Amino acid sequence: MTCTKAYYLKNREEILIKRKKYYLDNREKTLARCKEYNSKNRATINKKAKIYSAQYRKDNKEVIFIKQKYYYSTERGFIMKLWNSIKRSSKKHERTNEFKDFDEFYNHWLKQKATYGMRCPATGVEMTNTIGTNKPGENKRIMTNISTDRILSTEGYSPKNLIFTTWAYNC
């Protein structure tokens with residue numbers, strides 16, 4: 001063991017060059033072997049990835065919180081948060097959600113934004129996408145934030161029945 005470790009340390013650069021050359025010369029064969037291995041061991045790989053992910057989230061709560069806060073402060077992130085909210089609401093209250101995916105929902109937002117800009121179509125007030133600093137037990141709303149409003153509240157979420165307004169108007 002010590003001999004091979006010493007050999008490796010002594011010839012490290014040469015070994016890495018040989019490995020890279022082998023990979024470049026046998027790229028298709030190497031990729032096929034990797035693909036075969038991954039397909040045979042998909043369940044194990046996914047299980048390990050989930051365990052690693054869960055452990056990472058547990059160990060790095062502050063880092064994840066900062067990253068989420070940064071992402072949700074962007075326009076796309078804020079709209080993603082609204083999308084997740086209507087998906088949960090649709091399941092909880094058994095409403096229909098006719099949007100196929102986030103991209104369709106986001107494009108609906110972009111169409112409205114192209115028409116009205118960042119102004120609420122109902123009130124004309126400038127809409128914002130500010131993330132509040134809610135602490136447990138506090139529920140501060142930013143009244144000018146973008147909110148999803150169903151035109152007919154008896155109907156579900158669809159491109160024809162949804163507009164983006166300020167939270168104050170929707171409330």
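Quick caveat, the model's predicted, so the values are computed rather than measured.
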Problem set entry | Verdict with reasoning, F102 to N84, per side-chain contact (heavy atoms from CB on, under 4.5 Å) | CA-CA 9 Å; F102 171 71; N84 289 329; over 6 Å; no
Report all side-chain donor-acceptor pairs from residues 13-23 shorter than 3.5 Å, counting only partners two or more places apart or in another chain.
unit_1	atom_1	unit_2	atom_2	d
K21	NZ	D25	OD2	2.9

What's the shortest heavy-atom distance between [X] and [Y], and which atoms?
X    : Y    : answer
H108 : P159 : CE1-O, 3.0 Å
G124 : R119 : O-NH1, 2.9 Å
C120 : M127 : N-CG, 3.8 Å

Problem set entry | Test side-chain contact (heavy atoms from CB on, under 4.5 Å) applied to W83 and D103, step by step | CA-CA 10 Å; W83 166 248; D103 290 331; over 6 Å; no
For this session: Kindly state each residue pair satisfying salt bridge (charged side-chain N to carboxylate O under 4.0 Å, His left out) with at least one member in residues 40-54, sequence neighbours excluded.
Result: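 Applying salt bridge (charged side-chain N to carboxylate O under 4.0 Å, His left out) to every pair that reaches into residues 40-54, excluding sequence neighbours, yields E36-K40.
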When rounded to the nearest 0.5 angstrom, what is the spacing between [atom1] in [X] and [atom2] in [Y]?
X    : Y    : atom1 : atom2 : value
N60  : K67  : CG    : NZ    : 8.0 Å
I146 : T130 : CD1   : OG1   : 9.0 Å
K81  : N129 : NZ    : CG    : 11.0 Å

For this session: Check side-chain contact (heavy atoms from CB on, under 4.5 Å) between L110 and all other residues, then give those that pass, not counting sequence neighbours.
Result: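 Partners of L110 by the side-chain contact (heavy atoms from CB on, under 4.5 Å) criterion, ordered by chain and then number, come out as E75, Y106, N107.
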Cluster link [X] to [Y], ILVMFWY, side chain under 4.5 Å:
X   : Y   : result
I66 : Y71 : no
Y72 : V63 : no
I64 : Y52 : yes

Would you mind writing out the side-chain donor-acceptor pairs for residues 160-170 within the sub-3.5 Å range, not counting sequence neighbours?
unit_1	atom_1	unit_2	atom_2	d
N161	OD1	I151	N	3.3
N161	OD1	L152	N	2.8
N161	ND2	L152	O	3.1
N161	ND2	G156	O	2.8
T166	OG1	Y169	N	3.3
N170	ND2	S147	OG	2.7
N170	ND2	T148	O	2.7

For this session: Evaluate the side-chain proximity of F105 to M80: yes if any heavy-atom separation is below 4.5 Å, no if none is.
Result: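 Counting from C-beta outward, M80 and F105 never come under 4.5 Å.
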For this session: Sequence neighbours left out, what passes side chain to side chain donor-acceptor pair (under 3.5 Å) with D59? Give chain and number order.
Result: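 D59 satisfies side chain to side chain donor-acceptor pair (under 3.5 Å) with Q55 once adjacent residues are dropped.
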Problem set entry | Residues which pass side chain to side chain donor-acceptor pair (under 3.5 Å) with T74, listed by chain and number, not counting sequence neighbours |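 If we apply the side chain to side chain donor-acceptor pair (under 3.5 Å) test to T74, skipping adjacent residues, there are no hits.
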Problem set entry | Heavy-atom donor-acceptor pair, S89 side chain to S85 backbone, under 3.5 Å |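 No: the side chain of S89 does not pair with the backbone of S85.
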For this session: For the pair R57 and S53, evaluate side-chain contact (heavy atoms from CB on, under 4.5 Å) and give the outcome as yes or no after the intermediate values.
Result: CA-CA 6 Å; R57 284 192 306 274; S53 265; 3.5 Å; yes
For this session: Evaluate the criterion side-chain contact (heavy atoms from CB on, under 4.5 Å) for residue pair R33 and K29; output intermediate values, then yes/no.
Result: CA-CA 6 Å; R33 198 168 43 236; K29 193 164 101 175; 4.2 Å; yes
